[in-house]
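Below you'll find the structure, written out as structure tokens, and then a few comments.
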Amino acid sequence: MAKQNVAEQFVDILVRAGVRRLYGVVGDSLNPVVDAVRRSSAIDWIHVRHEETAAFAAGAEAQITGTLAACAGSCGPGNLHLINGLYDAHRSMAPVLALASQIPSSEIGLGYFQETHPDRLFQECSHYSELISSPKQMPRLLQTAIQHAVGQRGVSVVSLPGDIAAEPAPERSQQSALVTSRPTVRPGDAEIDRLARMIDAAERVTLFCGSGTAGAHAEVMEFAGKIKSPVGHALRGKEFIQYDNPYDVGMSGLLGYGAAYEATHECDLLILLGTDFPYNAFLPNDVKIAQIDVRPEVLGRRSRLDLAVWGDVRETLRCLIPQVREKTSRRFLDRMLKKHADALEGVVRAYTRKVDKHIPIHPEYVAAVLDEVADDDAVFTIDTGMCNVWGARYISPNGRRRIIGSFSHGSMANALPMAIGAQFTDRRRQVISMSGDGGFSMLMGDFLTLVQHDLPVKVVLFDNSSLGMVELEMLVAGLPSYGTANANPDFAAVARACGAHGVRVEKPKQLAGALKDAFRHKGPALVDIVTDPNALSIPPRISAEMVTGFALSASKIVLDGGVGRMLQMARSNLRNVPRP
């Protein structure tokens, strides 16, 4: 039997860690590893058209499965392309191992062709980033990288020169056990007792939930019912906490809706559950705040805390629920639920009624119809920008659906690459990419990846021929929109030219049928929906500065001869503007 080389040993360790796919683009320094994958029956090489897609796909796979996923890039420019997707995976706490192949080891530091230093470049977007400089070092270094990615929930990067990858591996030593899952963490009794006393002393308690509530839905509902608390959520907490939730008051933040803002500001005690909510301007500064999180480094990072509790949300609530007294008054909860219902009726549903004749199509209507016709266990991957708004407000979680996006990193072009990774985990599960025309066109080349691998991803394209979120940012800042227009092709024709199902929708009455036909299609499909470019998201709370900025931008557009456009915008958004 031939002796293993380092690349083969590398691949064997990945397989033992549970990795089943390696996403990437082949290249010279990476060739020994790719060849080792070719000769292994336990792992597949997933050829994509851009390494950024490889990293996004691996991150999405890790979020869907909860286990380690992997991607790879060749030396220099190849692995540099990974960086944006790795940032996203790291900030999403997705366990990803990235292989950054390197130039020949004898040439490092000498300005060689395509030379970079990936062990330094990826430090900020990883828990661990190191260079393998000898065959003997590889097994332990790779094991350490895997354990960082799995144990700390994020990215590890291993840099491997191509010549070392091709060298004979050291004699087999006893295989070390690999960490493949994380433990649960509960706080100490003193913290539990102190938090219970704070809750008992408070008349009005609000829970605000993030992605750290994954797996804790039952405990959060039991806890909220016992203390009569409204339950709000951040965007990343939506899929885990909104469904089957009789205490739901919506979402806070720039994309928010409902009464979450009021509930977090009108309580006596706010409890942050598993959230590192980044927008501290939406958090109160005059109520008591307790925070529960398994990551001690995020405790108190966004707001002043009266109590920091280090622990897993589910385990902490299991310890806490028996300790708190049941509250008898529902007055605060019922008032927040009424506000939330009124807000949903007047704002979130504003564009989903009487729109069957509106052309261009309201994007809110598209999202509402999509929510109705999609499978109950569908995976939605959502582009950053206006698609985030429509997904946040109209896609309904139910405990079986997944909603994934670049919610912490905020990158464009994430939806299609994430859909690739999600679909590879289960070809029978419906995966829907909610793409904007700007994001889709940025990495449009990887639509060919769907066709090449016959992945049945369905791309629902919100085509308003603009960078809508950027346009809104300019308007709020008092600036007329500039540089935001896209000159788009017929994307459905492009999809058909690639060998996929493609259909263009310009009238609302065509929408439901077009979506159903695409979803019934066995292979990849794209539905290009021409949407209203004047439908802009309005935040749930509008400050005086925002109003001033919007009025200023409006006056500039009118002075520039754009009065017709402002009238259209006013008509599109009048019902969405909350009362000051």
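What you see is a predicted model, and the numbers here were worked out from it, not measured in a lab. Note that the numbering runs from 1 along the sequence shown for the chain.
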Legend entry - Identified side chain to side chain contact (heavy atoms under 4.5 Å, CB included) counterpart of L14 within the set L97, V37, L99: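 The option that passes is L97.
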Inset, instruction - Using the side chain to side chain contact (heavy atoms under 4.5 Å, CB included) rule, pick out the option among L82, V155, I83 that qualifies with C125. - result: I83
Say whether, by atom type as modelled, one donor and one acceptor occur between the side chain of [X] and the main chain of [Y] under 3.5 angstrom.
{"X": "D119", "Y": "V158", "value": "no"}
{"X": "R427", "Y": "D454", "value": "yes"}
{"X": "H148", "Y": "Q143", "value": "no"}
{"X": "T213", "Y": "C209", "value": "no"}
{"X": "E115", "Y": "G109", "value": "yes"}
{"X": "S40", "Y": "A36", "value": "no"}
{"X": "D312", "Y": "E315", "value": "yes"}
{"X": "N414", "Y": "G405", "value": "no"}
{"X": "K458", "Y": "M434", "value": "no"}
{"X": "N84", "Y": "E52", "value": "no"}

Side chains of [X] and [Y], heavy atoms from C-beta outward: is any pair under 4.5 Å?
{"X": "M93", "Y": "S211", "answer": "yes"}
{"X": "P524", "Y": "V457", "answer": "no"}
{"X": "M198", "Y": "L307", "answer": "yes"}
{"X": "F462", "Y": "C387", "answer": "yes"}
{"X": "I199", "Y": "Q323", "answer": "no"}
{"X": "S408", "Y": "R236", "answer": "yes"}

What is the ring orientation for [X] with [Y], classed by angle as parallel under 30°, tilted 30 to 60°, or perpendicular over 60°?
{"X": "Y394", "Y": "W390", "result": "tilted"}
{"X": "Y23", "Y": "F424", "result": "perpendicular"}
{"X": "H217", "Y": "Y243", "result": "parallel"}

Inset, instruction - Could you go through the side chain to side chain contact (heavy atoms under 4.5 Å, CB included) check for L22 and V34 one step at a time? - result: CA-CA 9 Å; L22 191 56; V34 175; over 6 Å; no
Inset, instruction - Answer yes when R39 and E8 have at least one side-chain N-carboxylate O distance shorter than 4.0 Å, and no when they do not. - result: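 Looking at R39 and E8, the cut-off is met.
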Legend entry - Electrostatic pair R401:D377 at N-O distance under 4.0 angstrom: no
Inset, instruction - For residues H127 and H90, establish whether the separation of their ring centroids is below 6.0 Å. - result: yes
Legend entry - Verdict with supporting geometry, Q452 and R49, side-chain hydrogen bond (donor to acceptor under 3.5 Å, both in side chains): CA-CA 10 Å; Q452 181 161 337; R49 301 307 176 99; 2.8 Å; yes
Inset, instruction - Find the distance between CZ (R153) and CD (Q63) and round it off to the nearest 0.5 Å. - result: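 Reported value, rounded in 0.5 Å steps: 9.5 Å.
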Of all the heavy-atom pairs spanning [X] and [Y], show the shortest one and how long it is.
{"X": "I420", "Y": "D446", "value": "CD1-O, 3.9 Å"}
{"X": "V25", "Y": "E51", "value": "CB-OE2, 3.4 Å"}
{"X": "F208", "Y": "A234", "value": "CZ-N, 3.6 Å"}
{"X": "P161", "Y": "I132", "value": "CD-O, 3.2 Å"}
{"X": "S406", "Y": "S411", "value": "OG-N, 2.9 Å"}
{"X": "V298", "Y": "Q291", "value": "O-NE2, 3.5 Å"}

Legend entry - Partners meeting ring pair (Phe, Tyr, Trp, His ring centres under 6.0 Å) with F380 (sequence neighbours left out):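 Ring pair (Phe, Tyr, Trp, His ring centres under 6.0 Å) list for F380, sorted by chain: empty.
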Inset, instruction - Take D163 and S105, measure what side-chain hydrogen bond (donor to acceptor under 3.5 Å, both in side chains) needs, and give me the verdict at the end. - result: CA-CA 7 Å; D163 60 314; S105 57; 2.7 Å; yes
